[in-house]
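Take a look at the structure below.
Treat the numbers as computed from the prediction; the structure is a model and nothing was measured. Residue numbers start from 1 in every chain, and the chains themselves are labelled A, B, ... in the order their sequence lines are given, proteins ahead of strands.
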Protein chains: 2
Amino acid sequence: MTWEQGLGEADRMWRTYIEMSKHLGSHLQQHLQREHALSAADFEVLVRLAESADRRMPIADVAAATQWEKSRLSHQLTRMAQRGLVERVDSDDRRYPDVQLTDKGHEAIDKAVPEHTEMVHALVIDVLGPERLARFAEACADVLRALDAHRERDCSL
Amino acid sequence: MTWEQGLGEADRMWRTYIEMSKHLGSHLQQHLQREHALSAADFEVLVRLAESADRRMPIADVAAATQWEKSRLSHQLTRMAQRGLVERVDSDDRRYPDVQLTDKGHEAIDKAVPEHTEMVHALVIDVLGPERLARFAEACADVLRALDAHRERDCSL
DNA sequence: GTGGCGTGGTTGATACATCAACCTGAATGG
DNA sequence: CCATTCAGGTTGATGTATCAACCACGCCAC
């Protein structure tokens, strides 16, 4: 058992990130759930649909936008349809139905987004200020690139 | 529908963070699952137990260390016990059993931790370098403080 | 046309997260 | 002593995530 003795500066900083990430995520999630009865998953789907032209898009497009597996999205849409937030509608190609945002869904997301945005500003953007936020985002982007490179290596094996 | 038109610099940076956070998390998680057949939840519990004196601690201590709800931990321990990673053992107070790391559990975490640590270094710590990592962690700490302040306000209402 | 493809979608099974309801047994006070 | 209390644990129900297996329809070859 040697690994946990060597918890250096860097590892403590890593743990700080993990803590922040978990707490921030669950805080935002709980707010959505309590105030708007929306899960994070609901929110993601609704945002994409609300951003689309006529509040309707092919399921595959939602999958691409959210980067979710088709199965996950299908289950999620089923639950959201049960609650009347969206509905599946046929498109010209019968294999690939579209998802349509219902009025109820539109109302929900229209109420939730401003508060969510406000909270993100209060908790992160305003806290860091423009300079530090920019450096923070750069760091995130670099990590993302490292991840992609890593993923590429794994796939090409 | 006005909110999504105002996606400024700051909001794009926020989305960068969200992306990074999601991808990094799922990458680490998938590695644990594929290579070591451990979920992130398993990993967290096992790490705490392995760090403890005789690989055994009161359930409440695990709950405190992980900051999980008692119910979540109880379910998790049940599943881990079924797989032989841990076992519940009676303590002097019959109300509050301890959790004991099994040999199998110890072996699993001892194999998983080094690789996990290595990956964190490769993907984050080495990518940013000491300077940027320090500033990154400071930013995380500041957000954490803002979160705590926010939480306090909410509770004291 | 008719019979394989292949892609995108659905379904089922299992693991995980969260909430509420409940149980248990030590401690306390009468 | 016995009854009450109550913190810590368990259980059940529901929602969510992931994997594997399956289905369905348009496409293409023949």
Side-chain angles (χ1 to χ4, degrees), chain A residues 21-23 25-46 57-100 108, chain B residues 21-23 25-46 57-100 108:
Chain A
S21 170
K22 267 197 307 193
H23 285 208
S26 65
H27 188 85
L28 291 171
Q29 204 160 325
Q30 278 174 17
H31 177 80
L32 277 174
Q33 189 71 61
R34 287 178 133 68
E35 305 296 320
H36 304 283
L38 293 177
S39 70
D42 297 333
F43 186 79
E44 276 219 43
V45 172
L46 291 178
M57 46 195 304
I59 292 184
D61 290 8
V62 182
T66 55
Q67 308 196 65
W68 286 3
E69 307 211 354
K70 55 189 186 174
S71 153
R72 177 179 177 186
L73 182 54
S74 184
H75 284 302
Q76 181 67 30
L77 290 179
T78 301
R79 289 186 299 259
M80 291 177 75
Q82 275 168 3
R83 289 187 291 146
L85 295 172
V86 301
E87 51 190 5
R88 291 184 226 250
V89 296
D90 274 2
S91 68
D92 42 350
D93 190 332
R94 292 275 157 74
R95 286 173 297 182
Y96 314 137
D98 286 0
V99 214
Q100 168 82 265
Chain B
S21 170
K22 265 197 307 194
H23 285 208
S26 63
H27 189 84
L28 292 171
Q29 206 160 324
Q30 278 174 17
H31 177 80
L32 278 175
Q33 189 70 62
R34 288 178 132 69
E35 305 295 320
H36 304 283
L38 293 177
S39 70
D42 298 333
F43 186 78
E44 277 219 42
V45 171
L46 291 177
M57 46 196 303
I59 292 185
D61 290 9
V62 182
T66 56
Q67 308 195 65
W68 287 3
E69 305 210 355
K70 55 188 186 173
S71 154
R72 176 180 178 186
L73 182 54
S74 184
H75 284 301
Q76 181 68 30
L77 290 179
T78 302
R79 288 185 301 259
M80 291 177 76
Q82 275 168 2
R83 288 188 290 147
L85 296 172
V86 301
E87 51 191 5
R88 291 183 225 250
V89 296
D90 274 3
S91 67
D92 44 349
D93 189 331
R94 292 275 156 74
R95 286 173 297 183
Y96 314 138
D98 286 2
V99 213
Q100 167 82 264

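One atom, CD of B:Glu44, and another, C1' of C:dC16, lie 13 Å apart when rounded to the nearest Å. Regarding B:His75, its NE2 atom lies at a distance of 12 Å from the C1' atom of C:dA21, rounded to whole Å. C:dG8 atom C1' lies 13 Å from atom CG of A:Leu77, rounded to whole Å.
B:Arg79 and B:Gln76 share a side-chain donor-acceptor pair at under 3.5 Å.
Near-neighbour residues of DNA chain D inside residues 58-67 of chain B, defined by a heavy atom below 4.0 Å, number-ordered: B:Ile59, B:Ala60.
For the pair A:Arg79 and A:Asp93, nearest-nucleotide mapping onto DNA chain D gives the more 5' position to A:Arg79. Where A:Ser39 and A:Arg94 each meet DNA chain D at their nearest nucleotide, the meeting point lying more 5' is that of A:Ser39. Both B:Gln33 and A:Tyr96 lie near DNA chain C, and the one whose nearest nucleotide falls closer to the 5' end is A:Tyr96.
Contact annotation for B:Thr78: no contact, since no heavy-atom pair falls under 4.0 Å across all strands.
Comparing C:dC19, C:dT10, C:dA17 by their closest approach to the side chain of B:Glu69 singles out C:dC19.
A 4.5 Å side-chain heavy-atom check between A:Val99 and A:Asp61 finds every atom pair outside the cut-off. Contact annotation: the side chain of A:Gln33 approaches that of A:Ser39 to within less than 4.5 Å [non-hydrogen atoms, C-beta and beyond]. Residues B:Leu73 and B:Val45 meet the side-chain proximity criterion, which asks for heavy atoms closer than 4.5 Å.
To the nearest 0.5 Å, the span separating CG on B:Leu38 from NE2 on B:His31 amounts to 10.0 Å.
Residue B:Arg72 places at least one side-chain N or O under 4.0 Å from the OP1 or OP2 atom of C:dT18. For A:Arg88, a side-chain nitrogen or oxygen approaches OP1 or OP2 of C:dT10 to under 4.0 Å.
Of all nucleotides in DNA chain D having an atom under 4.0 Å from a heavy atom of chain B, the first and last in 5' to 3' order are D:dA7 to D:dA13.
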